[in-house]
Amino acid sequence: IDGNFGATAGIAEFFVQSHGDENIIRLLPALPTDVAFANGKIKGIKARNGFEINMQWHNAKVDQISVISLFGKTCRIIGVDCKQIKNNKGQQIVFKNVDGAIVFQTQKGETYNLE
């Protein structure tokens with residue numbers, strides 16, 4: 001059982017990493033270069049601080065991502081280009097680019113689409 005769960009956790013790390021005290025979500029940090037992984041999507045993967053990630057990528061680059069905030073904390077994401085963020089009500093969200101990370105405040109239960 002430990003081997004089965006360990007393998008699953010390792011595969012999840014291909015797509016999203018968020019561990020340690022740095023509170024940063026890294027997208028596609030260890031995606032294999034195999035052509036089978038170049039395009040794909042994942043739904044419902046959890047990250048630290050109560051974030052749920054749904055994303056799609058092409059040619060190993062994220063092109064669609066939504067973040068669901070379960071606790072209403074500050075979100076920090078690396079691995080996506082972002083021109084704007086809108087919540088599920090269509091409101092534009094203020095964000096900063098800090099040391100290569102997209103940083104924005106969230107509200108509990110809201111969904112945020114990074115465009």
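We number each residue from 1, following the sequence as shown. Computed from a prediction, not measured in an experiment: that's the story for all the values here.
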[atom1] of [X] to [atom2] of [Y]: how many Å apart, nearest 0.5 Å?
X: L27; Y: Q17; atom1: CG; atom2: CD; result: 10.0 Å
X: N88; Y: T111; atom1: CG; atom2: OG1; result: 4.5 Å
X: E110; Y: Q91; atom1: CD; atom2: CD; result: 7.5 Å

Would you say that [X] contacts [Y] through its side chain, given a criterion of any heavy-atom pair below 4.5 Å between the two side chains?
X: I68; Y: N54; result: yes
X: L31; Y: W57; result: yes
X: M55; Y: V16; result: yes

Please list every donor-acceptor pair under 3.5 Å in which a side-chain atom of residues 73-82 meets a protein atom from a residue at least two apart or in another chain.
{"unit_1": "T74", "atom_1": "OG1", "unit_2": "Q105", "atom_2": "OE1", "d": "2.6"}

Are V62 and I24 connected in a single hydrophobic cluster, I mean Ile/Leu/Val/Met/Phe/Trp/Tyr linked by side-chain heavy atoms less than 4.5 Å apart?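 No; V62 is not reachable from I24 via cluster members.
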Cluster overlap V103 with I53, hydrophobic side-chain contacts below 4.5 Å: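 Different clusters.
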Among all residues two or more places apart in sequence or in another chain, which pass the ring-ring contact (aromatic ring centres under 6.0 Å, His included) test with F104?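 Counting only residues at least two positions away or on another chain, F104 forms a ring-ring contact (aromatic ring centres under 6.0 Å, His included) with Y112.
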Does the pair F15 and L28 meet the rule for a side chain to side chain contact (heavy atoms under 4.5 Å, CB included), with working shown? CA-CA 4 Å; F15 308 113; L28 305 180; 4.2 Å; yes
I'd like to know whether N97 forms a side chain to side chain contact (heavy atoms under 4.5 Å, CB included) with I102, so could you lay out the CA-CA distance, the side-chain angles of the two residues, the decisive distance to 0.1 Å, and finally the verdict. CA-CA 5 Å; N97 191 322; I102 303 299; 4.2 Å; yes
What are the two closest heavy atoms between H19 and R48, and how far apart are they?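 Answer, listing the atom of H19 first, then R48: CA-NE, 3.1 Å.
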Work out which heavy atom in F71 is nearest to a heavy atom in K108; give both atom names and the distance.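 Result for this residue pair: C-CB, 4.0 Å.
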Kindly indicate, with the supporting measurements, whether the criterion side chain to side chain contact (heavy atoms under 4.5 Å, CB included) is fulfilled by N113 and I65. CA-CA 6 Å; N113 296 303; I65 179 169; over 6 Å; no
For T106 and V67, run side chain to side chain contact (heavy atoms under 4.5 Å, CB included): C-alpha distance rounded to whole Å, both residues' side-chain angles, the deciding distance at 0.1 Å, then the answer. CA-CA 9 Å; T106 69; V67 177; 5.7 Å; no
Is the number of heavy atoms from other residues, nucleotides or ligands within 6.0 Å of CD (Q84) greater than 12?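 Enclosed.
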Are more than 12 heavy atoms from other residues, nucleotides or ligands located less than 6.0 Å from atom CG of D99?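 Atom CG in D99 is not packed in, count stays at 12 or less.
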Contacts table for residues 33-47: side-chain donor-acceptor under 3.5 angstrom, sequence neighbours left out:
{"unit_1": "D34", "atom_1": "OD1", "unit_2": "A36", "atom_2": "N", "d": "2.7"}
{"unit_1": "N39", "atom_1": "OD1", "unit_2": "N59", "atom_2": "N", "d": "2.8"}
{"unit_1": "K46", "atom_1": "NZ", "unit_2": "E52", "atom_2": "OE1", "d": "3.0"}

